[in-house]
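All heavy atoms count here, side chains included; hydrogens, waters and symmetry mates do not. Computed from a predicted structure; not experimentally measured.
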Amino acid sequence: MACDREQDLPLGDPEFYREVGPDGRDYQLYIPRSYRADRPAPLVVDLHAAGEDATTQRLSGFESLAEKKGFVLARPQAEFGAFVGEVTVFARFWSLFDRTDVDYVLATIADVRTLVCIDAARVYAAGYSMGGNLTAYLACRSPQTFAAVASVAVLDHPVCDPDPTPLIAFVGRADTIYRMDAGLDPDIFSQTAGGGPPGARPGPLDDEASAWASTNGCRAEPTVQEVNTRVERRSYRCRHADFEIYVHEGGHTWPGSFDRLQASRLIWAFFEDH
């Protein structure tokens with residue numbers, strides 16, 4: 001596979017944005033300096049948490065990996081919505097239960113491909129918190145698009161019944177938003193996602209993991225490996241698609257260097273294998 005994109009590109013520019021779709025919503029596009037037009041590149045779609053945006057999602061640190069590994073990075077942005085609590089706050093929230101944001105993400109990918117040479121067999125999605133919820137819905141509403149997905153600070157087996165999908169996830173024992181024993185906080189789920197259909201709220205980790213294990217054709221019980229004294233890796237033996245979870249001692253966060261756990265590097269290594 002080869003393609004020719006000879007136009008002048010803003011390589012290595014973290015402030016490059018493009019608009020897509022009828023509402024003109026924008027997304028951040030990072031094209032590494034290592035990009036070559038005659039070499040189809042992988043694409044990572046990096047989805048922010050509720051209330052945040054493409055700029056805050058730079059916490060993933062994918063830019064430095066993109067330079068080293070040669071992948072292109074796209075960060076779509078959710079539309080503004082109302083967070084109704086004691087005070088109404090307008091912020092960005094993903095639409096999980098219809099095709100609005102699925103279609104927007106697909107339009108983003110299509111737009112990226114008009115500008116740079118992308119390997120269609122190596123398109124991936126990673127998401128933080130509510131962005132992780134959206135990666136799960138992308139897996140079932142556009143099953144032929146993503147070679148693998150990653151979810152950070154939540155595990156959600158979506159109600160739209162996904163096909164087998166390679167999945168890596170990260171959850172924290174001290175997380176009070178997505179609690180391992182109780183799932184996503186009901187009030188936060190109602191305020192950010194609108195409540196959704198029955199069964200849509202991400203439940204306890206073991207329940208969501210069992211559902212994904214069934215979808216991916218895995219043995220019910222994972223192999224548990226102690227990565228270090230504060231991190232364990234739960235890997236499943238699967239017939240159809242790989243599945244693994246990293247459990248750490250932190251809270252609702254994207255693991256960087258704490259607990260000697262670097263989520264972005266592990267996510268990219270998982271993606272490279274798929």
Please report the interatomic distance CG(D46) to CD1(I267), rounded to the nearest 0.5 Å.
8.0 Å
Polar side-chain atom of T215 near backbone of A211 as donor-acceptor pair, under 3.5 Å
yes
Pairwise side-chain contact, E208 with Y178, heavy-atom cut-off 4.5 Å (strictly under)
yes
Check whether any side-chain heavy atom of L205 lies under 4.5 Å from a side-chain heavy atom of R234, and answer yes or no.
yes
Output the distance between atom CG (L43) and atom OH (Y124), rounded to the nearest 0.5 Å.
10.0 Å
How about T56 and H48: does a side-chain donor come under 3.5 Å of a side-chain acceptor?
no
In terms of ring plane angle, is the pair H157 and W212 parallel, tilted or perpendicular, where the classes change at 30° and 60°?
perpendicular
Check whether more than 12 heavy atoms from other residues, nucleotides or ligands sit under 6.0 Å from atom CZ of R265, and answer yes or no.
no
Quick check on the hydrophobic clustering: are Y17 and L73 connected, directly or via other members, by side-chain heavy-atom contacts under 4.5 Å?
no
How about L115 and D111: do any of their side-chain heavy atoms sit closer than 4.5 Å?
no
Tell me whether V227 shares a hydrophobic cluster with V224, the cluster being built from Ile, Leu, Val, Met, Phe, Trp, Tyr side chains joined at under 4.5 Å.
no
Of E232, H248, R230, the one forming a side-chain contact (heavy atoms from CB on, under 4.5 Å) with R173 is E232
Could you report the tightest heavy-atom contact between P158 and A136, atom names first, then the distance?
CG-O, 3.4 Å
Is the shortest side-chain N to carboxylate O distance from R260 to E249 below 4.0 Å?
no
Rounded distance (nearest 0.5 Å) linking atom CG of D185 with atom NE2 of H252
10.5 Å
To the nearest 0.5 Å, how far apart are CZ in R233 and CZ in F170?
10.0 Å
Kindly compute the distance separating CG (L9) from CD1 (I31), expressed to the nearest 0.5 Å.
4.5 Å
Pairwise side-chain contact, P222 with F243, heavy-atom cut-off 4.5 Å (strictly under)
no
NZ/NE/NH1/NH2 to OD/OE distance under 4.0 Å, E221 and R219
no
Over 12 foreign heavy atoms within 6.0 Å of CZ, R99:
yes
Taking 4.0 angstrom as the limit, do R179 and D181 come out as a salt bridge?
yes
Please tell me whether F71 and W268 form a close aromatic pair, meaning their ring centres lie under 6.0 Å apart.
yes
Using a strict cut-off of less than 4.0 Å between a Lys/Arg side-chain nitrogen and an Asp/Glu carboxylate oxygen, indicate whether R75 and E52 qualify as a salt bridge.
no
I need the minimum non-hydrogen distance between Y35 and C117, along with the two atoms involved.
OH-N, 2.8 Å
To the nearest 0.5 Å, what is the distance between CD on Q225 and OG on S235?
7.0 Å
Using the side-chain contact (heavy atoms from CB on, under 4.5 Å) definition, which of the options V123, I118, D119, V45 pairs with V72?
I118
Do you know which of T55, T108, D26 makes side chain to side chain donor-acceptor pair (under 3.5 Å) with Q77?
D26
Check whether R58 reaches the backbone of P14 with its side chain - one donor and one acceptor, N or O, closer than 3.5 Å.
yes
When you compare the side chains of N216 and H240, does any donor N or O come within less than 3.5 Å of an acceptor on the partner?
no
Within the 3.5 Å criterion, strictly below it, is a donor on D101 or Y137 matched to an acceptor on the partner's side chain?
no
